[in-house]
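Following: one structure in structure tokens, then a few remarks.
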Amino acid sequence: VSRPRPPGLLLAALLATATTCRDSRPAVPDAASDGAPPADAPAADGAAADAELVADTPPARPDRQQVLRDLVQLVILPSYAELRARADDLALALAALAQTADAPTLTAARQAWRETRTAWRHTAAFGIGPADDLAVTGGIVDEPTNGPRLEALLATSAPLDATALRSLPAQVRGLLAVEYLLFDPALADPDLLLRFAGQAGQRRVGYLALLGAELALKLGAVADGWGARFGAEVVEAGRGSTAFARERDAYDALLNKSLAVIDRTIDSLRAAAGGPAPSTPPPLTLRSDNVLADLDADLLGFEDLYLARRGPAVGLAVADVVRDMNAAADAQMRLSLTEARAALARVPRPVSAAGADNPAVVQAITALRAVKAALATGIFAALGASVGFSDNDGD
Amino acid sequence: MTATDLRTRLGRPIDASALAAFRIVFGSLLLVAIVRYAAKGMIAQAFVEPRLFFPLHDWLRPLPAPGMHLCFLALGVLAVMLMVGLRARLAAALFCLLFTYAHFVDLTHYLNHYWLVTLLTAILAVIPCAQVWSVDAHLARLAHLRRGTGHHPPPPPATVPVWTLWLLRFQIGCVYLFAGLAKLHGDWLVRGLPLGIWLPARSDAAVIGPLLTHPGTALVMSWAGAAFDLTIVGWLLWRRSRPFAYLAVVAFHLATVPLFRLGMFPWFMMAASLVFLPPGWARRLVRRPLPTALPAAPAVRPIGRPTALALAAYVLVQLALPLRHLAEAGEVRWTERGFRFAWNVMLMEKTGVAELTVRELPSGRERPVPLREHLTPLQVKMMSTQPDLILSFARALAVQERRQGREVAVFADVLVSLNGRPARRLIDPTVDLAARDHRLPDGWILAREDPPESSAAATAAGR
């Protein structure tokens with residue numbers, strides 16, 4: 001039955017049609033895609049022509065499996081590919097430093113380390129599955145370094161090779177051990193380079209090269225794990241996945257991981273600024289003054305997860321599901337993310353000198369808490385997700 | 001009808017097989033539940049891993065390892081005893097005590113069906129549930145036959161007074177009725193919440209997945225669920241509709257199994273609703289007539305006054321408990337004062353984030369409390385939306401600090417979202433919770449005040 005419709009309804013119909021077109025696109029751009037719409041996407045004219053028809057039916061809800069698929073293919077897999085590439089670059093840069101320890105190779109190694117660090121922290125919000133399975137998250141990569149123990153190790157003549165490295169505790173290997181050796185705020189670069197000279201220096205840079213190769217191997221394995229199996233497990237959650245019996249379990253896992261990461265950013269900023277720290281301190285890159293970059297990468301990673309966005313590529317996102325359920329919660333999440341990243345950018349460097357009472361630090365912590373609140377209340381509630389894992393039954 | 005008439009009616013004998021069948025099925029489910037709980041590692045999760053607990057009363061503490069594992073082992077053995085009818089009433093009583101103890105050690109694990117188990121085992125401990133189809137009855141019969149009637153008390157009759165069955169019916173009826181009454185509010189009936197949040201999250205369900213995401217499904221299911229809860233007891237009691245009603249019970253609870261994580265709850269309710277069937281249903285099912293060789297059933301006589309008074313008191317308590325929230329200030333789903341033990345089943349989607357701060361006295365130095373260092377993820381989750389648990393944690397923190405020679409004040413900044421609404425403060429963040437009594441709301445729980453737009457937002461969730 002056709003009858004005149006007010007302009008507002010027509011506009012709503014057009015929007016609904018746009019949503020329908022977007023939700024029902026059949027193919028997901030692959031990891032290498034530039035985000036251009038699929039060739040077989042319905043034309044805009046067709047969408048307009050269908051507007052009258054769609055107005056009589058409620059808009060389709062975002063396909064939650066498509067959200068997971070886009071997240072994996074547009075965000076997670078490319079992020080891990082990026083991490084693998086940066087880890088390989090770091091391994092090469094550290095090998096070059098081992099060959100010739102001078103200012104250019106030191107600078108290149110530091111730059112490669114920062115880029116790897118950023119790429120690693122960018123994956124934190126979705127660091128489930130292989131990252132946990134390979135015991136990478138809490139150890140190997142991110143364990144705070146025990147400087148005296150590392151120095152003691154380097155002072156011995158015990159053979160250091162890949163096998164020996166793997167038997168060492170996480171406190172003396174991983175990205176923070178590399179940071180420890182590459183950065184020292186108490187030393188000028190020429191003085192630091194002197195540590196890489198002579199026989200003891202050779203052992204030092206040799207160890208760095210070993211660390212670089214080991215990290216490339218480990219982080220590559222995480223990327224492989226996602227690409228080979230775990231990505232499909234997430235996409236097929238509730239539809240035959242062995243890792244996630246229900247679709248909701250995948251959402252739970254990803255969002256709880258994100259919540260833990262946001263929690264860590266709050267603890268990290270507070271601790272880095274000299275405030276109280278939890279009894280298990282978060283990994284802080286104070287020597288390289290990379291703390292704020294780490295935290296920004298954490299937030300950016302979560303933002304990309306939430307928006308299914310990586311560079312120009314944008315997919316059907318968790319944000320779309322949330323907006324469909326509760327537009328206010330989505331708006332709050334986006335606003336709090338923007339404000340938190342802006343607040344972080346205003347924190348003076350080095351953060352360790354700013355002090356926990358510094359207004360910019362206080363504001364940033366407040367902004368991060370707002371992100372946490374928006375996630376733990378609005379987003380979890382909109383998605384019917386569980387805050388915190390539990391096998392407990394409910395009734 | 002006089003009180004004596006009523007007592008006489010309640011004393012009318014009926015076939016004991018109905019209670020026996022309930023005992024067997026219920027005992028079997030208890031055994032499955034205990035084994036399942038242990039197999040999933042939940043004993044350690046609930047009683048060994050936590051550093052702090054949220055007991056119903058301060059004096060309740062979990063047993064030191066391996067005490068709680070032994071407790072559950074004992075529960076398993078008692079469930080078997082109940083099932084086979086070996087010292088059945090004693091087994092039910094001990095099960096009730098141990099299970100209730102375990103349940104009340106940490107209220108973050110509170111579930112409605114745990115409370116139901118407590119009540120049903122308590123009832124089984126006082127009613128003659130093992131008159132037939134039990135080891136007890138079998139042994140008594142053997143002894144009687146072996147020694148002759150003059151040397152041994154006669155075996156128990158194959159009948160029980162009707163009040164025993166009606167007490168169970170009343171208890172199960174309470175669950176449905178109060179669960180239905182609790183659904184009579186705008187979120188459930190107008191906005192279709194929280195089903196409007198939960199059902200789309202199950203879009204992966206085979207066949208019905210797309211239907212669950214349909215905007216109208218949640219509202220239809222909300223109304224259907226409320227109607228079911230409010231009327232099913234009547235349908236079960238009416239002879240003509242009883243078979244269909246029981247099929248509806250089975251269908252309803254089976255439907256919830258794949259949709260929600262309800263554990264044993266649907267199975268308990270399907271089993272428990274068997275008490276609404278006619279007393280002889282189980283005997284007819286197994287085609288075993290009432291034994292004629294046994295002594296005749298006792299003549300009808302009124303139940304004793306003490307029994308009648310105890311029954312009346314129990315009924316009144318069970319009617320008052322779910323309604324006690326009416327005497328409390330504030331909305332029960334928000335304050336959760338009077339929420340437990342009241343059959344508020346599947347009633348809300350509540351998420352929260354709690355941040356606690358310790359202020360040292362008199363220096364005024366403040367430090368945030370890292371919740372995960374004190375609590376398990378489940379405890380954090382459950383505490384973050386329940387004011388009494390937050391208060392309990394704050395007081396525990398103060399005690400810990402005092403042991404280390406520090407006087408502290410404890411403050412909580414808690415944001416909670418109810419059924420998808422924008423988050424609101426649950427607790428006054430300026431109140432020192434360590435100095436408050438959890439029994440008194442006393443102003444530290446804030447009222448939920450929604451801005452005008454929030455209802456629209458919440459409606460969007462249900463669409």
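Every heavy atom of this structure was used, including side-chain atoms; hydrogens, water molecules and symmetry mates were not.
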Chain B contact via [X] - which portion, at a heavy-atom distance below 4.5 Å:
X	value
A/A277	neither
A/A329	neither
A/R239	side chain

Review point. Would a 4.5 Å heavy-atom cut-off, applied to side chains only, mark A/N326 and B/R421 as touching?
Key: no
Check your understanding: Are any non-hydrogen side-chain atoms of B/P422 and A/Q332 less than 4.5 angstrom apart?
Key ->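 Side-chain contact under 4.5 Å: no.
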Exercise for review: Could you please state which residues from residues 268-276 of chain A sit under 4.5 angstrom from chain B, measuring non-hydrogen atom to non-hydrogen atom, sorted by number, or 'none'?
Suggested key: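 A/R270, A/P276 fall under the 4.5 Å cut-off.
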Check your understanding: At a heavy-atom separation under 4.5 Å, does B/Q379 approach chain A through its side chain, its backbone, both, or neither?
Key -> neither
For [X] against [Y], the heavy-atom pair lying closest together:
X	Y	result
A/L383	B/I197	C-CG2, 4.3 Å
A/A237	B/D204	O-CB, 4.2 Å
A/R64	B/A201	NH1-CA, 3.4 Å

Revision key, fill the gap. Output for pair (B/K381 NZ, A/N256 CG), nearest 0.5 Å, gives 9.0 Å
Exercise for review: Inspect the surroundings of CZ in B/R51 and state if more than 12 heavy atoms from other residues, nucleotides or ligands are less than 6.0 Å away.
Suggested key: no
Check your understanding: Would you call A/R369-B/D413 a salt bridge at under 4.0 Å N-O?
Key -> yes
Review point. Can we say B/R261 and A/D249 salt-bridge, meaning some charged N sits less than 4.0 Å from an Asp/Glu carboxylate O?
Key: yes
Practice item. Mind ranking B/E355, B/E366, B/R367 by heavy-atom pairs under 4.5 Å with chain A and telling me who comes out on top? Key: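 The option with the most such pairs is B/E355.
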Exercise for review: Select, from B/A423, B/P368, B/P370, the one with the greatest count of heavy-atom pairs under 4.5 Å involving chain A.
Suggested key: B/P368
Exercise for review: Quickly, which of A/Q65, A/R248, A/E247, A/R61 forms a side-chain hydrogen bond (donor to acceptor under 3.5 Å, both in side chains) with B/S203? Name it, please.
Suggested key: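 So the option named by the test is A/E247.
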Check your understanding: side chain to side chain contact (heavy atoms under 4.5 Å, CB included) with B/V353: which of A/L375, A/L259, A/D263, A/T377?
Key ->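 With B/V353 as partner, side chain to side chain contact (heavy atoms under 4.5 Å, CB included) holds for just one option, A/T377.
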Point to revise | Selection residues 254-281 of chain A - residue pairs positive for ring pair (Phe, Tyr, Trp, His ring centres under 6.0 Å), sequence neighbours left out | key: none
